[in-house]
Amino acid sequence: MSTASTETSLPSPAATVRVIASPQSWVEGEAVRQLEAVARLPGMKAAVGLPDLHPGKGAPVGAAFTSEGLFYPYLVGNDIGCGMGLWDVGMLARKAKAERWASKLEVEGPWNGDVEGFLAEEGVKPSGFEGALGTVGGGNHFAELQRVDAVHDARAFAELGLEADRLLLLVHSGSRGLGEAILRAHVDRHAAGGLVAGSDEARAYLTRHDHAVAWARANRALVARRVLDGIGAPARRVLDVCHNSVTPRREDGALRWLHRKGAAPADEGPVVIPGSRGALSYLVAPVGDGTGSAYSLAHGAGRKWTRTAARERIKERFTAESLTRTSFKSHVVCENKDLLFEEAPQAYKAIDRVVTDLVEAGLVKVVATLAPVLTYKTRSHEE
DNA sequence: ATGTAC
């Protein structure tokens, strides 16, 4: 097996550090240093880097951490509940009007429907951030209409109720200002410090965290609804998974805390691992018991260049206009030019390698590959 | 990542 994993035992507390990535899947040294630093935190049991591991603000992204006795809100980060939702669209892919949709589709600002009613249907309480419910957000968030490129596991594909000739909609978004407010309130008191499990403060954080996770899921559902209203098609939610969270988990007879920071769950059924907007996305099914990977998977391709580097390098070689089409002939709606350059496919690692690493590590099987048809980022010119 | 930091 070409997948290399390194096990490092550290002096007390002995947390396991493991990076699941082949030598072909280049991981920045800084990301591994951040992973090792997290492993030295009090109570930490395991720190696992997935093949999309890359440096973050203090803690790395593309990683999962388990701890005992206390947990760390800053490891979850500001976008509590961020994740991926996939919808099966009731329209044949060959009927897609990508060019027309690219010119008229608009998912910006507060939704003018019954927001409270929508939240009630989703079983979620209002948060005070409802003006942002149903908005994509910035950074690497998107809503993308996709077609099925190839089915690799016909049975698993059919079990999801999917058909190869139909359009799909993938939404990557989170809890917008809500998660940010929750993290800020915590950091104001505790900085990067953890919370003692079972304490009043831990309980209060987890209540707010769980609400943000549910609200983020509802946010993805409303983004999907607005896109589907825009193209005039019905849809069914196929899956929705969160890749930024902390959850309790019984392991080795103890109560542990599983932090996921840009790590998809390996214990909730199939997930989509998106490439960049100019690459395939992978619908995969977890394999194995997850114990060696902290029950987690890669959540995307992972950034190769920083946003600043991407802006500089890609501006030299491409016009903004040329970046609104991809090698798949798909369309990109992104009227913020800086964001268009920052999120260019060239700024990301190759998703194929990331997924191959997961397959070779015995963590997933590929169900299908999905190709972009239309990627929606923003119509806003704000920088 | 963020109705964006001071």
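Heavy atoms only: backbone and side chains are in, while hydrogens, waters and symmetry mates are out. Note that the structure is predicted; figures quoted are calculated from it, not measured.
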* Go through the steps for Asp188(A) and Arg184(A) under the test salt bridge (Lys or Arg N to Asp or Glu O under 4.0 Å), then give the verdict. => CA-CA 6 Å; Asp188(A) 284 349; Arg184(A) 198 179 326 114; over 6 Å; no
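At whole-Å resolution of the value, CH2 in Trp215(A) and C1' in dT2(B) are 12 Å apart. One interatomic measurement links the two molecules: CG of Asn219(A) to P of dT2(B), which rounds to 9 Å at whole-angstrom precision. Protein atom CG of Asp338(A) is 18 Å distant from nucleotide atom P of dT4(B), rounded to whole Å. If you measure from atom CZ of Phe129(A) to atom C1' of dT2(B), you get 10 Å, rounded to the nearest angstrom. dG3(B) atom P lies 9 Å from atom CG of Leu178(A), rounded to whole Å. Across the protein-nucleic acid pair, Asn78(A) atom CG and dG3(B) atom P stand 9 Å apart, rounded to whole Å. dT2(B) atom P lies 5 Å from atom CG of Asp79(A), rounded to whole Å. Rounded to a whole Å, the CH2 atom of Trp111(A) is 20 Å from the P atom of dG3(B).
Using a 4.0 Å heavy-atom cutoff across all strands shown, Gly177(A) reaches sugar-phosphate atoms only and no base atom. Base engagement by Gly128(A) is indicated by at least one non-hydrogen atom pair under 4.0 Å involving a base atom. Residue Gly174(A) is out of contact with every strand shown, counting any heavy-atom pair closer than 4.0 Å. Backbone-only contact: Gly138(A) has heavy atoms under 4.0 Å from sugar-phosphate atoms and none from a base.
Phosphate contact (OP1/OP2 of dT2(B), side-chain N/O of Arg184(A), threshold under 4.0 Å): absent.
Judged by distance alone, the side chains of Asn219(A) and Ser173(A) do bring a donor and an acceptor atom under 3.5 Å apart.
Listed by first and then second residue, the ring pair (Phe, Tyr, Trp, His ring centres under 6.0 Å) pairs that reach into residues 63-94 of chain A are Phe71(A)-Tyr205(A), Phe71(A)-Trp257(A), sequence neighbours excluded.
Checked options Lys377(A), Arg311(A), Arg277(A), Lys337(A); the residue passing with Glu343(A) is Lys377(A) (criterion: salt bridge (charged side-chain N to carboxylate O under 4.0 Å, His left out)).
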